Student: 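Before anything else, here's the structure in question.
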Number of protein chains: 2
Amino acid sequence: MKTTKQYGKHADAALGMWVKLARAYATFNRETVKDIRRYGLTQPQFGALECLGHLGAMTIGDLSRKMLVSGGNMTCVVDNLEKEGLVRREHSHEDRRAVIVALTEKGDTLFQEIFPEHAERITQLAAVLSEAEQAELSRLLKKLGQALAD
Amino acid sequence: MKTTKQYGKHADAALGMWVKLARAYATFNRETVKDIRRYGLTQPQFGALECLGHLGAMTIGDLSRKMLVSGGNMTCVVDNLEKEGLVRREHSHEDRRAVIVALTEKGDTLFQEIFPEHAERITQLAAVLSEAEQAELSRLLKKLGQALAD
DNA sequence: TCATTATGCTTTAAGTTTAAAATATATGGA
DNA sequence: TCCATATATTTTAAACTTAAAGCATAATGA
């Protein structure tokens, strides 16, 4: 959304940057969602599958923190993945409050199959930028994201 | 989420970039949501208010396209804004299918009051990057976002 | 002119998302 | 040891989000 009003040079630059960040994210995300839908998954479900597939079993709390979403939300996502037989819940022996979630064999098989294809699609989408541009964008985004994470 | 698996040099770079984009967005967004909540609004509500405040009355379809969300969703957002007396719906004379949504006086007053403060907050958040970095980030994000919008 | 196709908004159903509340468990200090 | 505080997960309520369906209106072509 293009602002026509002036709020100061610094503010206008910052607002413009934020708008472009939000739009680039929304647009890129829409394409990834389209790809993921081919596998019968929603994006949050795919994200959880990916997290578990790469990093292994973990508590729901850890999963929600890695994915930057709330615990209540992750409960819902895991509920649906469990319904599809892609993950299983186990209670932790170390801490009886905690629930460990892991990929089932079915879930791991699906992950192994679809992640490379999805990675290929992400590569295609990112190809509008050169390698150097991708690297620079990564550097700046990392700087922005990490500074605000504190 | 850090991938430990190798999918090829190009794919790894693209995946890394996408992860950083998603995380930077999520983190920056969380901060903007926190600011907006001070005014008793949700983020989508604030976005609609901002759009109407800057660009004036428009159809619900136009609004949803500018905000890159679905029409069904915008109906819901506008419903709640209408409930708060911040916007009003009017039927279009040119096209009787269309609904025009505009800020009420109450809505405009609120917008005029809170947007400058919010802009200030965005400026603060963006200040972890230099002016040059902000400009470069904007350029790359614009390039990425526009290429995918086609 | 009329029928077919397209389009605008709303509703529906399912999933996501949050903060806060609820319940059980763990931790730390007196 | 005991109690206050903290924490893990789930539930609840409200809002968001999508695609598809529904309904009304507009556009187009025979």
Side-chain angles (χ1 to χ4, degrees), chain A residues 22 25-27 29-49 57-84 86-102, chain B residues 22 25-27 29-49 57-84 86-102:
Chain A
Y25 171 77
T27 310
N29 197 48
R30 187 133 13 260
E31 294 300 317
T32 65
V33 165
K34 273 202 261 182
D35 191 57
I36 291 166
R37 206 185 291 132
R38 295 189 301 133
Y39 315 118
L41 296 173
T42 65
Q43 198 209 33
Q45 289 168 5
F46 182 86
L49 208 74
M58 66 183 73
T59 64
I60 290 191
D62 283 340
L63 189 52
S64 72
R65 278 184 292 274
K66 284 190 196 313
M67 290 183 61
L68 304 177
V69 297
S70 71
N73 175 226
M74 192 46 67
T75 295
C76 177
V77 174
V78 169
D79 283 348
N80 286 309
L81 284 173
E82 200 177 20
K83 221 181 286 177
E84 299 292 323
L86 298 175
V87 303
R88 64 178 181 266
R89 272 184 167 92
E90 297 163 358
H91 290 275
S92 168
H93 298 297
E94 281 99 10
D95 182 341
R96 283 182 298 178
R97 301 170 301 182
V99 172
I100 308 283
V101 53
Chain B
Y25 171 78
T27 310
N29 196 49
R30 184 121 30 251
E31 294 300 318
T32 67
V33 166
K34 274 203 258 179
D35 192 57
I36 290 166
R37 205 185 291 132
R38 296 190 298 133
Y39 315 116
L41 297 173
T42 66
Q43 199 207 35
Q45 288 169 5
F46 182 86
L49 209 73
M58 67 183 74
T59 63
I60 290 192
D62 283 340
L63 188 53
S64 72
R65 277 184 294 273
K66 286 189 196 312
M67 292 184 59
L68 302 178
V69 299
S70 71
N73 174 225
M74 191 47 65
T75 296
C76 175
V77 174
V78 169
D79 283 349
N80 286 309
L81 284 173
E82 200 177 20
K83 221 181 286 176
E84 299 293 322
L86 298 175
V87 303
R88 65 177 181 267
R89 270 182 170 95
E90 297 164 356
H91 288 273
S92 168
H93 298 297
E94 281 100 10
D95 182 341
R96 282 183 296 179
R97 299 170 302 183
V99 171
I100 307 283
V101 52

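In this text the structure is predicted, and so the values were computed from the model without any measurement. Every chain is numbered from 1, with letters handed out A, B, ... down the list of sequences. Note: hydrogens, waters and symmetry copies are ignored here, and every other heavy atom, side chains too, is used.
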Student: I'd like a table of donor-acceptor pairs (distance under 3.5 Å, sequence neighbours excluded) in which one partner is a side-chain atom from residues 70-78 of chain A, with atom names and distances.
Tutor:
{"from": "A:S70", "atom 1": "OG", "to": "A:N73", "atom 2": "N", "distance (Å)": "3.2"}
{"from": "A:T75", "atom 1": "OG1", "to": "A:G71", "atom 2": "O", "distance (Å)": "3.1"}

Student: With sugar-phosphate meaning primed atoms plus P, OP1 and OP2, does A:Q43 contact a base, only sugar-phosphate, or nothing at under 4.0 Å between heavy atoms?
Tutor: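 Nothing: the residue A:Q43, judged by heavy atoms under 4.0 Å, touches no strand.
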Student: What is the distance from CG of A:L41 to C1' of C:dT16, rounded to the nearest Å?
Tutor: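 In whole Å, C:dT16 C1' lies 15 Å from A:L41 CG.
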Student: Quick check on DNA chain C: between B:R65 and B:D79, whose nearest nucleotide comes earlier from the 5' end?
Tutor: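 Closest to the 5' end, via its nearest nucleotide, is B:R65.
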Student: Mind checking if A:T59 touches a base, just sugar-phosphate, or nothing, with heavy atoms under 4.0 Å?
Tutor: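 Sugar-phosphate contact only - A:T59 comes under 4.0 Å of backbone atoms but never of a base.
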Student: Rounded at 0.5 Å granularity, tell me how far OH in A:Y25 sits from OG1 in A:T32.
Tutor: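 One finds 7.0 Å between OH of A:Y25 and OG1 of A:T32.
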Student: Output the distance between atom CG (B:L41) and atom CG (B:L86), rounded to the nearest 0.5 Å.
Tutor: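 CG of B:L86 is found 6.5 Å from CG of B:L41.
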Student: Measuring only between side-chain heavy atoms, which start at C-beta, is B:V99 closer than 4.5 Å to B:T59?
Tutor: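 They are not in side-chain contact.
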Student: Whole angstrom is fine here: how far is it from CD1 in B:I60 over to C1' in C:dT11?
Tutor: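 Checked: the CD1 to C1' distance equals 13 Å.
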Student: With sequence neighbours left out, what residues match A:R89 under side chain to side chain donor-acceptor pair (under 3.5 Å)?
Tutor: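 Scan of A:R89 (side chain to side chain donor-acceptor pair (under 3.5 Å), adjacent residues dropped) gives A:D79, A:E82.
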Student: Are A:M58 and A:I100 side-chain neighbours, meaning at least one heavy-atom pair lies under 4.5 Å?
Tutor: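 Of all side-chain heavy-atom pairs linking A:I100 with A:M58, none is under 4.5 Å.
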Student: Taking atom P of C:dT17 as reference, at what distance in whole Å does atom CG of A:N80 sit?
Tutor: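 Taking CG of A:N80 and P of C:dT17, I get 11 Å after rounding.
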Student: Base, sugar-phosphate, or nothing: which does B:T42 touch, judged by heavy atoms less than 4.0 Å apart?
Tutor: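 It contacts sugar-phosphate atoms only.
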Student: Between A:N73 (CG) and C:dA14 (P), how many Å, whole number?
Tutor: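 Nearest whole value for this atom pair: 19 Å.
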Student: Between A:L68 (CG) and C:dT16 (P), how many Å, whole number?
Tutor: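 So the CG-P distance, A:L68 to C:dT16, works out to 17 Å.
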Student: What's touching nucleotides 20-25 of chain C from the protein side, N or O pairs under 3.5 Å?
Tutor:
{"from": "C:dT25", "atom 1": "O2", "to": "A:R97", "atom 2": "NH1", "distance (Å)": "3.2"}

Student: Between C:dG8, C:dT16, C:dT18, which nucleotide gets closest to the side-chain atoms of B:A98?
Tutor: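 Nearest nucleotide to the side chain: C:dG8.
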Student: In whole Å, I'd like the distance from the CZ atom of A:R37 to the C1' atom of C:dA14.
Tutor: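 Going from A:R37 (CZ) to C:dA14 (C1'), I get 13 Å.
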Student: Excluding sequence neighbours, so at least two apart, what forms side-chain contact (heavy atoms from CB on, under 4.5 Å) with B:T42?
Tutor: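 Here the qualifying residues are B:P44, B:Q45.
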Student: Both B:E94 and B:Q45 contact DNA chain D. Taking the nearest nucleotide for each, which residue is further toward the 5' end?
Tutor: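 Its nearest nucleotide being more 5', the pick is B:Q45.
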Student: As an exercise, state the distance from CD of A:Q43 to CZ of A:R30, rounded to the nearest 0.5 Å.
Tutor: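 Separation between the atoms: 10.5 Å.
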Student: Holding to side-chain contact (heavy atoms from CB on, under 4.5 Å), I want the full list of residues that pass it with B:R37, two or more places apart in sequence or in another chain.
Tutor: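 Listed in chain order: B:V33, B:K34.
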Student: For A:H93 and C:dA26, what is the distance between atoms NE2 and C1' respectively, to the nearest whole Å?
Tutor: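 In whole Å, C:dA26 C1' and A:H93 NE2 are 17 Å from each other.
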Student: Provide the start and end nucleotides, 5' to 3', of the part of DNA chain D that has atoms under 4.0 Å from heavy atoms of chain B.
Tutor: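 On DNA chain D, the outermost contacted nucleotides are D:dA15 to D:dA26.
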